[in-house]
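To keep things clear, I will list the structure first and then write my remarks on it.
In the text below, chain A, chain B and the rest are named by the order of the sequence lines, each starting its count at 1. All heavy atoms count here, side chains included; hydrogens, waters and symmetry mates do not.
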2 protein chains.
Amino acid sequence: MVTMRDVATAAGVSPMTVSNVLTGRRATSPEVRRAVLEASERLGYRLNVAARSLRRGRTGVVGLAVPSLDAPYFGQLAGRLAARLAREGLRLVVEQTGASPEGEAAAVRDSRGGAYDGLVLSAVGLGGDVRALAGDLPVVALGERQDLRRVDHVGMANIEGARAAAALLLERGCRRLAVVGSPPWEQLDEPGGHDGDAFRLRARGVRDAVRAAPGARVRAVTLGTALEDGVRCGRALAAGEPVDGVVALTDTLALGVLRGLADGGLRVPDDVLVVGFDDVREAATSVPSLSSVAPGHDAMVEEVVRLLLRRMAKPAAAEEDVVAPFAVVERESTRRA
Amino acid sequence: MVTMRDVATAAGVSPMTVSNVLTGRRATSPEVRRAVLEASERLGYRLNVAARSLRRGRTGVVGLAVPSLDAPYFGQLAGRLAARLAREGLRLVVEQTGASPEGEAAAVRDSRGGAYDGLVLSAVGLGGDVRALAGDLPVVALGERQDLRRVDHVGMANIEGARAAAALLLERGCRRLAVVGSPPWEQLDEPGGHDGDAFRLRARGVRDAVRAAPGARVRAVTLGTALEDGVRCGRALAAGEPVDGVVALTDTLALGVLRGLADGGLRVPDDVLVVGFDDVREAATSVPSLSSVAPGHDAMVEEVVRLLLRRMAKPAAAEEDVVAPFAVVERESTRRA
DNA sequence: GCCGCCTGTTGTATCGATAAACTCGGCGGC
DNA sequence: GCCGCCGAGTTTATCGATACAACAGGCGGC
């Protein structure tokens, strides 16, 4: 392996000068600079990032821990965040937690080893005192565990957004709704275990809207959260007691539901209206295109970066909890003929 | 920051003993082990990965560089690969190259800094001597640049797969085909610039199949490679000279085409048949579901890991170039009523 | 003409973990 | 009863880059 010392020897200067030339942190004479760059090029020198970050105590890398990499929502989040952080001179690396509290805790703990200057944690299961786990590592949480304490947090308007989504269906005349992805109805207000997760909050929003609509009913159908689970829910809905509107708590589920309803012979929007949540890119181009709650992706990414940079600069700053503005985007899946 | 020395002092042993207890590389007495673990826990000790990898020369991390994180194909690849590498005790981190040769070259160069023990490069634009760029870093390339020299490579059966996809349409009676995502037809055999990329290879496969079918014609429609570009292609096809079969060179394009054709009032499969390539998860659940060429994802991941581990163990081994077996998966989009 | 200052360069110590060599008490073998 | 060996632990040196202080030399000011 070629080290700075090798380059220094080849260029006839000290290692420190090589460092100065390559980082540009100190002035160097043009001749020396040229000699160093030439030697570095010729030897194929590569800076050792482990050595640098050991010495500097920083890496210039931000981690993003997501439940799974193959869900469109997280992929799109990662893409946006990577692009935004690049503008700050930071690299993003993404890793997968497997959607388990243990995986998420491990991601936080491991990140304290100094591999990242900061961590964006898209938590679905982890609760409790994340700050204690994170130590002095700057962490910004996404997702909706109410008991994510003492960390900066960027949230969505889950309740309000879902309420608006359900209200849209009700406005379009639906009276027999189904919620796909909701926890069992009777658990919505229980504290404990999963209190505060996005699914529960969104389900509450739907319930609120239904309660406010005279004559409307709603039932929960839940078989998981993956695309294929949505398909199964859609089939179950087509086969069971008739419904005229479906609120799917994520777009991934909603896209599955579209498929499942088609399997069961129901047409959207002719027989049933469907609305999703998250406004993933695919929602705009599915057949039929999917109405969805857009949680303000760009604003969220902006806030995540702002909070992260602020905490990296001021470790002791007070925690912030911000919620991005949402919008309901109406598309074919809720448009009455 | 709590270091090993701090833990050692607290436990009344030497730092080396702490290291031995925590890594388990040497036997230690039960009492000492307990004392060390207790102290480590109490002080909230976290191993510094920079220091470890500086000393060890390895990190236990494999990098995956993909053009973009928000394309379903790459997200799904990342998910699969992460899961598979976890079984080998390796972590995967993913980064985005922006689909540019510069971004890809930068990913390779940066990875030589010792951040990763190996790199999986999903290249779309990078050509030339990747080995020279990579130096001693183990690299396994995915994607189809023919001039990716002197690196291990896991490929798809692009020509054969695309030929089979087109053959499927021809078998179903299509005679006026369109290829979406193809380079301009007259460039298919040109050497140079982009010779060998997946789109060109796949387009050639389509051409081969059409040439072998008496009376069949084909034209290329290309406006980009993103989902939205597929939509525009679909609309253009619906508006232009009639076609009865579409080969989209990626599933992402194909899903867009389905939407675009619907916009143009054409029904799939009644008016037009559509087949994609990649067999992303969404293909199984779109409406209509999408026939696609499955490039053998699991086999590919298996081979990638095998080649990577082999090269990490034997840096001087001869380069291998393997191609996974493909299969055409037929779904609704090519099924005649 | 001497002094302080500025610019460019160099030694030295250090970041934290660990490989390798070394120490020491106990124990079985001949 | 002595020797060599083994297990458990310690010491020392090192991985590669860089913060920091020290240092050489040129130059303008009084």
**Asked** In chain order, what residues pass the side-chain hydrogen bond (donor to acceptor under 3.5 Å, both in side chains) check against A:Gln96, with sequence neighbours excluded?
**Response** none
**Item:** Start and end of chain B contact along DNA chain D [non-hydrogen atoms, under 4.0 Å]
**Value:** D:dA8 to D:dG16
**Message:** Can you measure A:Leu54 atom CG to C:dA17 atom P for me and round it to whole angstrom units?
**Reply:** 9 Å
**Asked** Touch check for A:Val32, heavy atoms < 4.0 angstrom, all strands: base, sugar-phosphate only, or nothing?
**Response** sugar-phosphate
**Request:** Could you pull out all residues at least two apart from B:Glu320 that satisfy side chain to side chain contact (heavy atoms under 4.5 Å, CB included)?
**Result:** B:Asp152, B:Arg306, B:Leu307, B:Arg310, B:Val322
**Asked** With sequence neighbours excluded, what pairs up with B:Arg46 under the side chain to side chain contact (heavy atoms under 4.5 Å, CB included) test?
**Response** A:Arg109, A:Asp110, A:Arg112
**Prompt:** Salt bridge check: are B:Glu38 and B:Arg42 linked by an N-O gap of less than 4.0 Å?
**Reply:** yes
**Asked** Which pairs pass salt bridge (charged side-chain N to carboxylate O under 4.0 Å, His left out) with one or both residues in residues 58-85 of chain A, sequence neighbours excluded?
**Response** A:Asp70-B:Arg281, A:Arg84-A:Glu88, A:Arg84-A:Glu302
**Request:** Could you walk me through whether B:Val305 and B:Leu85 pass side chain to side chain contact (heavy atoms under 4.5 Å, CB included), step by step?
**Result:** CA-CA 7 Å; B:Val305 172; B:Leu85 285 169; 4.0 Å; yes
**Fill in**
If each end axis of the helix from C:dG1-D:dC30 to C:dC30-D:dG1 is fitted on five C1' pair positions, the angle between them, to 10 degrees, is 40°
**Asked** Within the structure shown, what part of the strands sits under 4.0 Å from B:Val18 by heavy-atom distance: base, sugar-phosphate, or nothing?
**Response** nothing
**Residue list, side-chain hydrogen bond (donor to acceptor under 3.5 Å, both in side chains) with A:Thr59, at least two apart or on another chain** = A:Asp117
**Prompt:** Excluding sequence neighbours, so at least two apart, what forms side-chain hydrogen bond (donor to acceptor under 3.5 Å, both in side chains) with B:Ser14?
**Reply:** B:Thr17
**Asked** Which residues pass the side-chain hydrogen bond (donor to acceptor under 3.5 Å, both in side chains) test with A:Asp321, sequence neighbours left out?
**Response** A:His153
**Asked** Can you name the residues that form a side chain to side chain contact (heavy atoms under 4.5 Å, CB included) with A:Leu37, not counting sequence neighbours?
**Response** A:Val21, A:Leu22, A:Arg33
**Asked** Within less than 4.0 Å of OP1 or OP2 of C:dT9, is there a side-chain N or O belonging to A:Ser29?
**Response** yes
**Fill in**
Between CZ of B:Arg5 and C1' of C:dT14 the distance, given in whole Å, is 11 Å
**Prompt:** Which pairs count as side-chain hydrogen bond (donor to acceptor under 3.5 Å, both in side chains) when at least one residue sits in residues 132-141 of chain A, sequence neighbours excluded?
**Reply:** none
**Message:** Regarding A:Thr17, tell me which of base, sugar-phosphate or nothing describes its non-hydrogen contacts under 4.0 Å with the strands shown.
**Reply:** base
**Request:** Could you encode protein contacts along nucleotides 18-27 of chain C as a string, one character per nucleotide from 5' to 3', using B for base contact, S for sugar-phosphate-only contact and - for no contact, with a heavy-atom cut-off of under 4.0 Å?
**Result:** BBBB------
